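All values derive from a computational prediction rather than experimental measurement.
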Amino acid sequence: MTQKISSFHFCTSALPIEHKKVAWRDVMHPFYQTSDQVEDAIFEAKVSGYFFKNFLCINAEADPQNYYSGTERALKSGYDGVIVKLILEGHCDFSGDASSIRNGAGGITILDMSREVIGITPKIDTINLVIPRHVLSKHIVNIESLHLQTLNQASVMTRLLVNHMTMLRKEAKSITQNEILDVSKLTIELVISALQNHIKTANLAPPRSENSLLFKIKEYICSNIQSTDLSVVNICTKYHISRAKLYRITEPLGGVASFIRKQRLQHAYRLVRSNEETKVQVSTIAFQSGFKSLSNFSLLFKEEFGISPSESIQLNNTYKKVDLNNPNEQPMVNSLLISAWLNQVLL
């Protein structure tokens, strides 16, 4: 079966504030900074989601809210993907990158997680596919130009995708393990076809050359993060640019050296969370993540995640023992599942 983030409902007037923060932040915080539209208003939301091989499907019904994500925040978080947002009821006003649009019921809007977006919604019901960038960039060269694009509802490909997402929401809980790979493949193929069709028919401005180079550099860093030889010199040589230009281009990443260090740490975190061995060595994780010094790795890891590598390994072993069907452990399950998926797939 698909792995489900159990549906949960919360209301600021009924549940402890700690529970509200955990539940809502688990799903939204990696993607957006959120806030209620009316101060002191009773805010309610129902969220459920399913993990597929190459994407996360989040179903969300929520009261009026504002949400925001900017380039710097997205790039520094490390979560890099595309959100395909279908609105079933209500509408959303999007703005960012000097443009603004409104998407209503039946419409699909594309949101690039590495670009600025401000969303303002009334009471709304949505289906959201969160897809890692690398899954789409293999087939769509100028994926950055799709940010804040609303797909043409008159297009057959758009209507097919709308119907598929609606059916996916309805049938997700009954999909078996034997079917999940086929459903994942079909979904991604439909998304790619709909996006490619939109690119052909819409007059999209090409991405800025430096912005395009930034994503190429970022992809190169992430692809070679295990190598201890990855360095500023190697990057400059590969892309035939000066140090000064590299530093300027990578400013949104927080600087090239800082970004490389952060990616090494996140790679180490993924290794910890995905490792099946209960007695995995910290030194093994460090060297497989491109760190030459074990002591330096341990220090940086604790600064980044708030716990030491050994404590993280212990936490991962605890996670393996969590009863996914125990409602008393569900808040922990929600947090661990989403965190694990994001770090294994999106980063």
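- Taking 4.5 Å as the limit, every side-chain heavy atom of Phe55 sits out of range of all side-chain heavy atoms of Val191.
- Contact detail for Cys57 and Ile127: the closest heavy-atom pair is SG-CG2, 4.0 Å.
- Contact check for Ile110 versus Val82: side-chain heavy atoms found under the 4.5 Å cut-off.
- Val282 and Pro309 make their closest contact through CG1-CB, 3.7 Å (heavy atoms, listed as atom of the first residue, atom of the second, distance).
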Report task. Start with the C-alpha distance between Gln196 and Ser193, add both sets of side-chain angles, then the distance that settles side-chain hydrogen bond (donor to acceptor under 3.5 Å, both in side chains), and finish with yes or no. Result -> CA-CA 5 Å; Gln196 289 176 334; Ser193 296; 5.0 Å; no
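- When all heavy atoms are compared, the tightest approach of Asn128 to Ala60 is ND2-CB, 4.5 Å.
- With respect to Leu129, the side-chain contact (heavy atoms from CB on, under 4.5 Å) criterion is satisfied by exactly one of Ile58, Ile83, Val84: Val84.
- The distance from the CZ atom of Phe94 to the OG atom of Ser100 is 12.0 Å, given to the nearest 0.5 Å.
- Side-chain contact of Glu179 with Thr176: a donor-acceptor pair under 3.5 Å is present, judged by distance alone.
- Following chains of ILVMFWY side-chain contacts shorter than 4.5 Å, one cannot reach Phe287 starting from Leu265, and the two form parts of different hydrophobic clusters.
- Tracing side-chain contacts under 4.5 Å through hydrophobic residues (I, L, V, M, F, W, Y), one reaches Ile188 starting from Leu146; they form part of the same cluster.
- Residue Asp93 holds its CG atom at 4.0 Å from CZ of Arg102, rounded to the nearest 0.5 Å.
- Using bins of under 30°, 30° to 60° and over 60° for the plane-to-plane angle, the ring pair Phe297/Phe291 lands in the tilted bin.
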Query raised in the report: Are Ile241 and Ile217 close enough, and set up right, to give a side chain to side chain contact (heavy atoms under 4.5 Å, CB included), and what steps lead you there?
Result: CA-CA 11 Å; Ile241 57 177; Ile217 291 172; 4.2 Å; yes
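- Ile225 is not listed as a side-chain neighbour of Ser289, based on a closest heavy-atom distance of 4.5 Å or more.
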Report task. Show your reasoning for whether side chain to side chain contact (heavy atoms under 4.5 Å, CB included) applies to Thr109 and Gln149. Result -> CA-CA 6 Å; Thr109 296; Gln149 289 287 309; over 6 Å; no
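- In this structure, Gln153 CD and Ile108 CD1 are separated by 8.5 Å, a value rounded to the nearest 0.5 Å.
- Atoms CD and CD, from Gln263 and Gln226 in turn, are 12.5 Å apart once rounded to the nearest 0.5 Å.
- In this structure, NZ in Lys238 is found 10.0 Å from NZ in Lys216, a value given to the nearest 0.5 Å.
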Query raised in the report: When you look at Val232 and Cys236, which way does the side chain to side chain contact (heavy atoms under 4.5 Å, CB included) test go after all the steps?
Result: CA-CA 6 Å; Val232 170; Cys236 290; 4.1 Å; yes
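- Linking Ile, Leu, Val, Met, Phe, Trp and Tyr residues whenever their side-chain heavy atoms come within less than 4.5 Å leaves Tyr239 and Val233 in two separate clusters.
- Among Thr166, Ile124, Thr126, Val162, the single residue meeting the side-chain contact (heavy atoms from CB on, under 4.5 Å) criterion with Leu88 is Thr166.
- The backbone N or O of Ala154 lies less than 3.5 Å from a partner atom in the side chain of Arg159, making a donor-acceptor pair.
- Between Ile175 and Phe52 the shortest heavy-atom distance is CD1-CE2, 3.8 Å.
- Side chain of Ser227 to backbone of Asn224: no donor-acceptor contact under 3.5 angstrom is found.
- Considering only heavy atoms from C-beta on, Thr121 stays 4.5 Å or farther from Pro64 through its side chain.
- Taking the side chain as every heavy atom from C-beta outward, Leu160 and His164 never approach each other to under 4.5 Å.
- For the atom pair NZ of Lys218 and CD1 of Ile249, the computed distance is 15.0 Å after rounding to the nearest 0.5 Å.
- Following chains of ILVMFWY side-chain contacts shorter than 4.5 Å, one can reach Met113 starting from Ile101, so the two form part of one hydrophobic cluster.
- In this structure, Thr187 and Met165 have side chains that are not in contact, with every pair of non-hydrogen atoms separated by 4.5 Å or more.
- Counting only heavy atoms from C-beta outward, the side chains of Asn103 and Lys85 never approach each other to under 4.5 Å.
- Comment: Arg169 engages Asp125 in a salt bridge, judged by a side-chain N to carboxylate O separation of less than 4.0 angstrom.
- The side-chain heavy atoms of Phe259 and Thr250, taken from C-beta on, include no pair separated by under 4.5 Å.
- Gly96 and Leu148 make their closest contact through O-CD1, 3.3 Å (heavy atoms, listed as atom of the first residue, atom of the second, distance).
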Requested in this report: Let me see the working for Ile131 and Asn54 under side chain to side chain contact (heavy atoms under 4.5 Å, CB included), right down to the final yes or no.
Outcome: CA-CA 7 Å; Ile131 307 173; Asn54 289 325; 5.8 Å; no
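- With hydrophobic clusters built from ILVMFWY side chains whose heavy atoms lie under 4.5 angstrom apart, Leu111 does not share a cluster with Ile87.
- Side chain of Asn152 to backbone of Thr158: no donor-acceptor contact under 3.5 angstrom is found.
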